[in-house]
Amino acid sequence: MTLDLAGAARLLREARNVGVLTGAGISAESGIPTFREAMTGLWATFDPEELATMEAFRRQPRMVWEWYAERRKRIGEARPNPGHLALVELERRVGSFTLITQNIDGLHQAAGSRNVVELHGNIRRVKCAGEDTVVERWDETGELPPRCAVCGDHLRPDVVWFGELLPEAALQRAWQVAEECDLFLSIGTSNLVEPAAALPWLAHRSGATVLVINPTTEGQRHGAGIHHLQGPAGELLPALVGVA
Ligand code: OAD
């Protein structure tokens, strides 16, 4: 059911244990393109199967590294928007609050969120493609991608590529939050990519109320205990926190 701000604020006031899942939509107002908005999204400019897979990386390591370096540069210029900041305030107010994100831009942490579960990694981190260990520093020899000082394999972005498993600890934590929360906010996600897409509905089945914050209800589920607050997160979340 579509809620108004007052109705959504009441849900927040009554909540004792809040779980949140965010997607690319919450970073849209920071100028970072989402994935699937027709012809304006990130995929309008590239075919994900071409670059965001281990096969593509092994086939064209330099191209994949440079494509992520270009995205990392753009993301580095982006700033958290009022939607990110409102979630920081919400974390401060609510007794138990866990923010699960599909985003790899690190903007939740940059905004000040502390309890963040990154399901799809973080573009600002680099890891060894062979050992899967995060690497903080490497020799700039001019070769791209750089090489791991330990095993000599290429370094890669610490993000989940298509066909790869999500980080197990993050996934387990996300399931636990969905099962234990009493209010689950699904913000700025098309809810199309598993296993993240299942989280709001797992929470609902576990007895939580679900509040979807998105300009559209298209592709989202409806039903008892599932509410929709339609509009941009960067406007709705600060307004919501202001009246909750
Ligand atoms: P999508 O691009 O699939 O969906 C973006 C969602 O944000 C859509 O539902 C939009 O309606 C909504 N949206 C747009 N602007 C918004 C705004 N200002 N405020 C709130 N919502 C807004 O992005 P994700 O759902 O995040 O995975 O995509 C999920 C995953 O698919 C990504 O993490 C990525 C991709 O494959 C990997 O790369 C592993």
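We count ligands from 1, going down the list as the structure has it; atoms in each ligand are counted the same way.
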* Do NZ/NE/NH1/NH2 and the carboxylate oxygens of Arg16 and Asp182 come within less than 4.0 Å? -> no
* Below 4.0 Å from any atom of ligand 1, is there a heavy atom belonging to Trp161? -> no
* Asked: Does some non-hydrogen atom of Leu192 fall short of 4.0 Å from ligand 1?
  -> no
* Does Ile26 have a heavy atom less than 4.0 Å from any atom of ligand 1? -> no
* Asked: Using heavy atoms and a threshold below 4.0 Å, how should the contact between Val193 and ligand 1 be classified: side chain, backbone, both, or neither?
  -> side chain
* Structure fact -> A student comparing Ala233, Gly219, Pro215 should find that the heavy atom closest to atom 21 (N) of ligand 1 comes from Pro215
* Structure fact -> Near Gly23 (heavy-atom distance under 4.0 Å), the atoms of ligand 1 are 26 (O)
* How are the rings of His108 and His84 set to each other: parallel, tilted or perpendicular (split at 30° and 60°)? -> perpendicular
* **Part of Glu29 within contact of ligand 1 (heavy atoms, under 4.0 Å)** => side chain
* Pair Thr98-Arg173, side-chain donor/acceptor within less than 3.5 Å -> yes
* Thr217 versus Gln230: any side-chain heavy-atom pair under 4.5 Å? -> yes
* **Geometric class of the Phe57/Trp161 ring pair [parallel <30°, tilted 30-60°, perpendicular >60°]** => tilted
* For ligand 1, which part of Thr216 has a heavy atom less than 4.0 Å away: the side chain, the backbone, both, or neither? -> side chain
* Give the atoms of ligand 1, by number and element, whose distance to some non-hydrogen atom of Phe162 is under 4.0 Å. => 36 (O)
